[in-house]
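Below is one structure, written out as structure tokens; comments come after it.
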Amino acid sequence: MATRTVQLLFPLLLLLSFRVLASSSGSDPAKKRCQMECRGTPEGRRRKACLRQCLDHSGREQEHGEAAEGGRRDRNPYFFGERSYEQWSRSEHGRFEVLERFARRSELLVGVENYRLAVLEAEPETFIMPRHWDAEEVFYVMEGRGTITLLHEDNRERHGIKRGDIIWIPAGAIVYAINTARNEKLRVATLLRPISTPGHVEEFYGAAGRNPETFYTSFSDEVLEAAFNTPSEKLERLFQKQRRGEFIKMTEEQMRALTQSTGEDGWALARSTGPYNLLRNRPSHSNEHGQLHEVGANDYHQLQDLDVDVSIANISKRSMMVPNYNSLSTKLAMVVQGRGYIEMACPRRSDESRRSGETMESEPQQRIRYRTVRSRVSRGSVFVIPAGHPVATVAARNENLEVLCFGVRAAQNRKYYLAGRNNVLNRLDREAKELAFGVPAEEVDEILHAQPESVFVPGPERRRETERGRQPSLESLLSFAES
């Protein structure tokens with residue numbers, strides 16, 4: 001009777017939720033899109049999470065950072081904090097979280113709507129259940145070490161993985177992994193490109209039971225009996241036994257058996273999916289203020305079909321990465337470690353300019369103006385940097401800032417630096433400098449050549465201290481005394 005009541009009430013509750021969403025969304029197009037997307041989400045925990053996220057959408061301005069414009073503070077559509085992740089699975093042994101859809105946040109992000117970001121974290125000596133996705137994946141190991149196994153039609157690959165490794169997972173390949181460390185978590189960032197429905201990804205468990213649920217139980221008994229040539233009683237025991245979740249603590253013997261060998265078993269694939277370590281590359285830029293490691297399809301050809309590149313910037317404390325922009329690629333930036341802030345210049349749309357009423361009769365009419373988008377970032381934060389948008393990244397005063405970037409539409413992309421020794425504006429003709437800035441070329445050159453470093457430079461706080469000739473801070477003195 002109770003079960004029947006729940007079955008009757010659940011559709012009514014969903015209908016009520018949609019009515020609440022409709023009444024609260026008003027004319028907000030982002031909320032309307034969110035509501036429509038929830039209707040297409042399968043019933044269960046994911047639809048509930050989708051509804052909660054839509055209802056919570058308007059209460060995140062502080063978390064999402066700010067877009068400053070003429071003293072007014074608007075919600076920042078490019079920033080995603082910890083509340084932007086949907087928890088798909090979580091237990092004492094691990095968790096898997098998927099960032100909300102980019103296009104749900106704002107129409108400004110429709111260019112990356114067919115990509116998703118996720119974070120997997122497994123405790124020491126943990127087995128991560130086999131699954132396949134309707135998406136291609138690129139893993140980046142942020143922390144820890146372990147092994148990953150991929151099952152193809154006639155091939156099995158097992159690879160050791162460690163911090164800095166990138167690995168491509170083709171759509172449909174069955175994947176399972178283990179954290180082999182005894183006292184260190186395994187943390188992996190994942191870029192997913194859905195194959196079936198843009199922006200929607202689904203995981204499929206075959207070798208499973210009740211929790212996680214195996215998809216085999218969706219088939220009728222007669223189909224399963226014929227497929228496996230096995231009575232339904234035995235099949236029911238096989239597909240109903242597992243209830244321990246997606247992360248399982250291993251015994252010593254199990255872990256040894258799963259790590260005995262690495263490499264390929266069976267017919268070799270035309271393209272091995274083995275890992276590539278980004279950190280073993282010589283940095284493309286390096287000085288005392290930071291390092292930048294980059295890898296593209298020329299180095300790891302598995303990235304070619306995805307049209308993706310991967311980079312990691314490690315910015316020293318109280319340092320910064322100078323303003324720069326990408327010609328073609330939109331960067332999906334995730335903070336691996338540390339704290340700091342990001343500033344980006346964003347063109348204001350024409351309707352925003354009209355609403356603001358900012359006109360200057362004494363000057364020629366301007367079509368384009370800019371606003372500053374600024375967000376404080378910390379571990380797990382995500383920031384979207386569209387192509388052409390100048391951006392600067394600053395590390396906190398007491399810890400380095402490590403930022404991972406997945407670059408979408410990476411083929412033929414060029415990065416332009418806008419300050420420092422390799423500032424692209426240094427290439428302007430003398431006359432062009434004078435015409436563009438309205439001051440003598442010597443004055444322009446004095447400013448453009450004042451920064452002797454490239455890419456990574458002292459941050460605002462460090463520069464202020466140098467400029468004022470301050471004594472070292474108390475924290476620095478204490479650190480020196482302890483050393």
Side-chain angles (χ1 to χ4, degrees), residues 78-90 94-102 112 114-123 126 128 131 133 135-148 150 159 161-169 175 177-179 181 184-194 201 203 246-247 273 275-281 292-296 300 302-303 306 308-315 329-340 342 377-385 393 400-408 410:
Y78 302 99
F79 175 80
F80 298 79
E82 61 180 14
R83 293 173 62 191
S84 302
Y85 287 89
E86 302 171 7
Q87 287 196 4
W88 283 26
S89 60
R90 187 182 186 94
R95 64 185 178 91
F96 183 71
E97 300 177 337
V98 181
L99 195 72
E100 68 172 291
R101 291 184 64 186
F102 294 112
V112 290
N114 197 36
Y115 293 87
R116 302 293 297 272
L117 287 179
V119 174
L120 180 145
E121 187 174 286
E123 295 293 325
T126 293
I128 303 164
R131 73 190 84 181
W133 293 84
E136 292 183 274
E137 303 172 75
V138 177
F139 282 10
Y140 176 79
V141 182
M142 298 185 287
E143 178 184 340
R145 55 188 174 85
T147 66
I148 186 168
L150 292 83
H159 304 283
I161 54 174
K162 60 183 179 300
R163 180 177 179 270
D165 275 349
I166 302 165
I167 187 166
W168 166 69
I169 310 295
V175 183
I178 63 173
N179 180 358
E184 185 180 16
K185 291 182 179 181
L186 176 65
R187 290 180 61 230
V188 176
T190 306
L191 175 72
L192 301 106
R193 186 176 72 172
V201 291
E203 53 189 342
E246 298 169 25
F247 300 90
T273 56
Y276 180 95
N277 194 272
L278 176 59
L279 300 181
R280 79 181 179 192
N281 269 5
L292 178 63
H293 295 266
E294 301 175 287
V295 62
Y300 187 52
Q302 285 86 347
L303 298 176
L306 285 171
V308 165
D309 62 19
V310 186
S311 63
I312 191 88
N314 193 342
I315 307 171
S329 180
T330 292
K331 299 292 184 178
L332 308 179
M334 177 185 291
V335 176
V336 177
Q337 294 288 354
R339 293 181 301 109
I342 292 177
V377 295
S378 57
R379 174 168 150 163
S381 298
V382 170
F383 200 92
V384 180
I385 307 168
T393 310
N400 291 2
L401 178 62
E402 189 175 349
V403 182
L404 168 70
C405 281
F406 292 106
V408 176

Distance (rounded to the nearest 0.5 Å) between [X] [atom1] and [Y] [atom2]:
{"X": "Asn179", "Y": "Thr126", "atom1": "CG", "atom2": "OG1", "result": "6.0 Å"}
{"X": "Leu192", "Y": "Glu136", "atom1": "CG", "atom2": "CD", "result": "10.0 Å"}
{"X": "Glu246", "Y": "Ile128", "atom1": "CD", "atom2": "CD1", "result": "10.5 Å"}
{"X": "Cys405", "Y": "Leu292", "atom1": "SG", "atom2": "CG", "result": "8.5 Å"}
{"X": "Leu117", "Y": "Ser84", "atom1": "CG", "atom2": "OG", "result": "11.5 Å"}
{"X": "Gln337", "Y": "Met142", "atom1": "CD", "atom2": "CE", "result": "8.5 Å"}

Do [X] and [Y] touch side chain to side chain, with heavy atoms closer than 4.5 Å?
{"X": "Lys185", "Y": "Glu123", "answer": "yes"}
{"X": "Val201", "Y": "Trp88", "answer": "yes"}
{"X": "Ile385", "Y": "Ile342", "answer": "no"}
{"X": "Phe79", "Y": "Val382", "answer": "no"}

All ring pair (Phe, Tyr, Trp, His ring centres under 6.0 Å) counterparts of Tyr276, not counting sequence neighbours: Tyr300
With sequence neighbours left out, what residues match Phe102 under ring pair (Phe, Tyr, Trp, His ring centres under 6.0 Å)? Phe80
Which heavy-atom pair separates [X] from [Y] by the least distance, and what is that distance?
{"X": "Ser311", "Y": "Glu294", "result": "CB-CG, 3.9 Å"}
{"X": "Ser89", "Y": "Phe247", "result": "OG-CE1, 3.6 Å"}
{"X": "Ala181", "Y": "Arg145", "result": "CA-NH2, 4.0 Å"}
{"X": "Arg90", "Y": "Glu97", "result": "NH1-OE2, 3.8 Å"}

Show your working on side chain to side chain contact (heavy atoms under 4.5 Å, CB included) between Asp165 and His159 and close with a plain yes or no. CA-CA 11 Å; Asp165 275 349; His159 304 283; over 6 Å; no
Starting from the C-alpha separation in whole Å, work towards a yes-or-no answer on side chain to side chain contact (heavy atoms under 4.5 Å, CB included) for Val119 and Met334. CA-CA 10 Å; Val119 174; Met334 177 185 291; 3.8 Å; yes
Under 30°, 30 to 60°, or over 60°: which ring-plane class applies to Trp133 and Phe96, parallel, tilted or perpendicular? tilted
Could you check Tyr140 against Leu191 for side chain to side chain contact (heavy atoms under 4.5 Å, CB included), going step by step and ending with a plain yes or no? CA-CA 9 Å; Tyr140 176 79; Leu191 175 72; over 6 Å; no
Using the side chain to side chain contact (heavy atoms under 4.5 Å, CB included) definition, which of the options [options] pairs with [X]?
{"X": "Lys162", "options": "Leu279, Leu186, Val141, Asn277", "result": "Asn277"}
{"X": "Val408", "options": "Asn114, Leu306, Leu332", "result": "Leu332"}
{"X": "Val295", "options": "Asp309, Ile312, Ile166", "result": "Ile166"}

Under the salt bridge (Lys or Arg N to Asp or Glu O under 4.0 Å) test, residues paired with Arg187 that sit two or more places apart: Glu121, Glu143
Can you tell me if Asn400 uses its side chain to pair, donor with acceptor, with the backbone of Gly338 under 3.5 Å? no
Cationic tip of Arg95 above Tyr85 ring, under 6.0 Å, 45° of axis: no
Any salt bridge linking Glu402 with Arg163? Criterion: basic side-chain nitrogen under 4.0 Å from a carboxylate oxygen. yes
